[in-house]
Novice: 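Input: one structure, supplied below.
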Amino acid sequence: MSFARFMTRRILLLIPTLLGISVLTFFFSHVAPGDPARLVAGLEAPEARVEQLRQELGLDRPMWVQYFDYVSRLMRGDLGQSVLNRRPVADNLKAFFPATVELAVPAFFLSVLVGIPLGVLTAVHKDGFWDNVLRVASLAGIAFPSFWVGIILLLLFYFKLGWLPGSGRMDIMLMTRENVDTVTHFLLVDSLIAGKWSVFWDALRHIILPAVTLSFGPTARFMRFTRTVMLEVLGEVYIQTARAKGLAERAVIVRHALRNALIPTITLMGIAIGYMLGGSVLVETVFGWPGLGKYAFDSIILLDYPAIMGVTLLATVVFLMSNLVVDMIYVVLDPRIEYT
Amino acid sequence: MEQRNAPFRGASSARRNLNTFRRVLRNPLTASGLAILLVLAVAAVFQGSLAPYDPLVLDLPNRLSPPSAAHLMGTDNFGRDILSRIIYGARITLVMTVTVVLTGSFIGSLVGVAAGYVGGWFQEVVMRITDIFMAFPAVLLAMVIVTALNPGLFNAGLTLVIVNWPEYARVMRGQTLSLVQNEYVTAARAAGAGRWRIMLRHIFPNCVGPLIVQATINLGVTALSFAALGFLGLGAQAPSPEWGLMISNGRKYFLDAPWFPVFPGLAIALTVLAFNFLGDGLRDILDPRARR
């Protein structure tokens, strides 16, 4: 099968998956407890008003009619109205999603840039002192709950040492003083565009603790995975050949071993993005970070169904797309891959 | 032929199991994982006689008191002894985690083996369903499902089964596809064995190695997800001494009483660490590809 056919099949297969996802999110939000009409009307509203709203919102119609209605609105980019703030869910997502991206991107690069080199280091010095220390550290990195790590970092760097701010994206005092125009919704970018260095610096300081917390687990995973793959690659014949040629050990490791070891590691990057989307719920809750995860949590507590469905759908689509990109990169990088 | 083979196979697998067990004990990490789990299991079983205090009785005059001889890990905002609550929480975490993994791997392997063996449209449908489930970030999917079912200890467990079974189904389908090619399957079929018999007697037992590895590795992940749901208020409900819930409560007091959220977190980490040590060791032993 050619690359083009492989990718076409891969993309076409996304259609039933996306349909299934819409059925699943719809199903789970509709078997959920609580009466959406009552929630919109308010607890004090008379029963007649609730009944009227139920008809207006179409909640009295058969489930499958509601589902098709939901999907046809989805196609038009209409995700419904959030019960939480009476705004379209799509608008809420547009406001909250960039905050999560601004947190996840540094966390992602942090985990890759720390995890992979440490993985190489442990593989090269297998069973040595650093290998043992870092392996135990990586096992611990996976074992500690991210929300707990977040709390400990807050306690240390915010309350005890006072080095870094504790919650939110920006200092509230600064926010009232400095008005930054929203262009991209990314505070770091927007403040640079506006040329407000104080805001940029403050936003950067706010990102550090939650980003480090979010990167904790993935860093450990990258490290362990890279170590395993590197050990495998270092046992290959072409590494012996490279050494026999008299290449410097550094060149053997970086140019011959690491380059090949990075290919399978790319798969892990897709998984890490999914982990960060899910993990953002916990980390954003701990740090009061106004992103997608906190929005998801708040809407679940309030049983805000349109919002829950919207967040789940967005996170899933992002995860699917990142896996698609990972697959593409994988195929391009590894000529040996079979398209099946 | 079937009958003549049976005792022989039994004897050899018993010997193999004993060998595996010896190798588990020889690996220091795996052995320490096993030791930690043993301590936790003892705590879980004998919680009533081991815990110095009742985990639920309030003692308001002693609220938020720091670790001391009377309260080794201090007390929480209701004056409850944190050590006792952690000991009682061990049973919740261990029982839930193991049950979730056993149930999930059981359902997942049945579906996976059936999909791989039956093939055709059935396999296609099952694999698309697992695709759908695995397209969700796990924590998010768990949050949505547990909200739909109503937050609580049991429903949190049920949710994690729903979230986890597809992973096992995938692994087991892959195993089945490679095993179906074997001659002994063809032989069994020629001897007139039915579908179910082949799946349960011939294919399933031969997938057990990878299944155990996958399940053991998942124990740690499950324990963490379970604590996360508790932390978010979607798992165990107050006054349960579930560890995630304890961290969530302790968070509000962590400036005055850092021990309150710290110790339950250490308990979770220790448990997950023990599961991971065990999983790592078993993978090295049971998965020939990882053996070096």
Side-chain angles (χ1 to χ4, degrees), chain A residues 13-14 16-21 23-25 27-33 135-136 139-140 142-149 151-152 154-155 159 217 224 228 231-232 235 273-282 285-286 293 296-297 300-301 303 308-309 311-312 315-320 323, chain B residues 29 33 124-125 127-129 131-151 162 220-221 223-225 227-228 230-234 243-244 247-248 250-251 254-255 258 261-262 264-266 268-277 279-280 289-290 292:
Chain A
L13 272 178
L14 283 179
T17 310
L18 283 171
L19 269 177
I21 287 161
V23 171
L24 212 63
T25 43
F27 173 76
F28 279 117
S29 345
H30 279 73
V31 296
R135 270 171 81 192
V136 172
L139 279 170
I142 293 172
F144 282 102
S146 62
F147 51 92
W148 186 83
V149 171
I151 293 173
I152 300 298
L154 264 181
L155 185 65
F159 287 109
R224 285 163 56 80
T228 311
L231 284 178
E232 226 159 79
I273 291 171
Y275 170 86
M276 284 180 175
L277 284 166
S280 69
V281 177
L282 298 161
T285 307
V286 171
F297 179 67
I300 274 180
I301 294 302
L303 298 178
I308 298 173
M309 283 152 77
V311 175
T312 319
T316 312
V317 169
V318 171
F319 189 30
L320 279 175
N323 274 324
Chain B
L29 280 190
E124 208 44 46
V125 169
M127 285 304 110
R128 289 295 81 76
I129 293 177
D131 275 352
I132 292 164
F133 273 91
M134 294 180 79
F136 288 91
V139 177
L140 208 57
L141 181 62
M143 282 171 70
V144 172
I145 299 176
V146 82
T147 311
L149 299 172
N150 260 338
I162 299 177
V221 179
L224 276 177
S225 314
F231 176 75
L232 292 171
L234 300 171
W243 296 339
I247 296 180
S248 160
R251 198 184 138 201
F254 81 142
L255 260 192
V262 164
L266 291 177
I268 296 173
L270 197 66
T271 311
V272 176
L273 204 61
F275 282 142
N276 288 347
F277 280 168
D280 258 26
R289 274 170 312 167
R292 231 175 296 280

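Order of the sequence lines fixes the chain letters, A, B, ..., with proteins taken first and strands second; residue numbering starts at 1 for each chain. Keep in mind that what you see is a predicted model, and the values were worked out from it rather than measured.
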Novice: Could you tell me which portion of Ile300(A) (side chain, backbone, both or neither) has an atom closer than 4.5 angstrom to a non-hydrogen atom of chain B?
Specialist: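 Contact with chain B involves both backbone and side-chain atoms of Ile300(A).
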
Novice: For the candidates Val272(B), Val221(B), Leu234(B), Leu270(B), which exhibits the highest count of non-hydrogen atom pairs separated by less than 4.5 Å from chain A?
Specialist: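 If we count pairs closer than 4.5 Å to chain A, Val272(B) comes out on top.
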
Novice: Taking all heavy atoms of Ile142(A) and all of Gly217(A), pick out the closest pair and write down the distance.
Specialist: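 The pair with the smallest heavy-atom distance is CG1-O, 4.5 Å.
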
Novice: Using a cut-off of under 4.5 Å for heavy-atom pairs, which of Ile129(B), Leu224(B), Leu141(B), Asn276(B) has the most such pairs with chain A?
Specialist: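 The answer is Leu224(B).
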
Novice: Around atom CZ of Phe27(A), are there more than 12 heavy atoms of other residues, nucleotides or ligands at under 6.0 Å?
Specialist: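 No, because the 6.0 Å sphere around CZ of Phe27(A) holds 12 heavy atoms or fewer from other groups.
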
Novice: Side chain, backbone, both or neither: which part of Ile308(A) has a non-hydrogen atom closer than 4.5 Å to chain B?
Specialist: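 Only the side chain of Ile308(A) comes within 4.5 Å of chain B.
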
Novice: Which atoms of Val317(A) come close to chain B, meaning under 4.5 Å heavy atom to heavy atom: side chain ones, backbone ones, both, or neither?
Specialist: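 For Val317(A), neither part sits under 4.5 Å from chain B.
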
Novice: Taking the side chain as every heavy atom from C-beta outward, state whether Ile21(A) and Thr17(A) have any atom pair closer than 4.5 Å.
Specialist: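 In contact.
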
Novice: Non-hydrogen atoms of chain A under 4.5 Å away: do they reach the side chain of Val146(B), the backbone, both or neither?
Specialist: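 For Val146(B), there is no contact with chain A at all, as no heavy atom is under 4.5 Å.
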
Novice: Can you say whether Phe133(B) sits under 4.5 Å from chain A via the side chain, the backbone, both, or neither, judging by heavy atoms?
Specialist: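 Contact with chain A involves the side chain of Phe133(B) alone.
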
Novice: Would you mind checking which part of Leu19(A) comes under 4.5 Å of any heavy atom in chain B, side chain (CB onward), backbone (N, CA, C, O), both or neither?
Specialist: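 Neither part.
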
Novice: Heavy-atom distances under 4.5 Å only: say whether Leu266(B) touches chain A with side chain, backbone, both or neither.
Specialist: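 Its backbone and side chain both get close to chain A.
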
Novice: Look at Ile132(B), Asp131(B), Leu140(B) and state which one has the largest set of heavy-atom pairs under 4.5 Å with chain A.
Specialist: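 Of the options given, most contacts go to Ile132(B).
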
Novice: Within the 4.5 Å heavy-atom criterion, are Val144(B) and Phe136(B) side-chain neighbours or not?
Specialist: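 A side-chain contact is absent here, since even the closest heavy-atom pair is not under 4.5 Å.
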
Novice: Could you check whether Asp280(B) pairs with Arg135(A) (Lys NZ or Arg NE/NH1/NH2 to Asp/Glu carboxylate O, under 4.0 Å)?
Specialist: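 Salt bridge absent between Asp280(B) and Arg135(A).
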
Novice: Considering only heavy atoms and a distance below 4.5 Å, find which of Asn323(A), Leu18(A), Val149(A), Thr285(A) pairs most often with chain B.
Specialist: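 Ranked by heavy-atom pairs under 4.5 Å with chain B, first place is Thr285(A).
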
Novice: Can you name the nearest heavy-atom pair linking Pro258(B) to Pro261(B), along with the distance?
Specialist: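 Closest approach of Pro258(B) to Pro261(B): O-CD, 3.0 Å.
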
Novice: Do you know which of Thr271(B), Leu255(B), Ile268(B) has the most heavy-atom pairs under 4.5 Å to chain A?
Specialist: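 Sorted descending by pairs with chain A, the first entry is Leu255(B).
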
Novice: Report which part of Ala135(B) has an atom under 4.5 Å of a heavy atom belonging to chain A: side chain, backbone, both, or neither.
Specialist: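 Interface part for Ala135(B): both.
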
Novice: Using heavy-atom distances under 4.5 Å, tell me whether Phe319(A) contacts chain B through its side chain, its backbone, both, or neither.
Specialist: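 The answer is the side chain of Phe319(A).
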
Novice: Picking from Phe297(A), Trp148(A), Phe147(A), what satisfies ring-ring contact (aromatic ring centres under 6.0 Å, His included) with Phe231(B)?
Specialist: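 Passing option: Phe147(A).
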
Novice: Counting only non-hydrogen atoms closer than 4.5 Å, does Leu155(A) touch chain B with its backbone (N, CA, C, O), its side chain (CB onward), both, or neither?
Specialist: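 Contact with chain B is through both the backbone and side chain of Leu155(A).
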
Novice: Can you name the closest pair of heavy atoms from Val281(A) and Met143(B) and give their distance?
Specialist: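 So the minimum-distance heavy-atom pair works out to CG1-SD, 3.4 Å.
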
Novice: Taking all non-hydrogen atoms of both residues into account, name the closest pair between Pro137(B) and Ala315(A) and its distance.
Specialist: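 Reported closest heavy-atom pair: CG-CB, 4.1 Å.
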
Novice: For Arg224(A) versus Leu139(A), what's the shortest heavy-atom pair and its separation?
Specialist: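 Minimum heavy-atom contact is NH1-CD2, 3.1 Å.
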
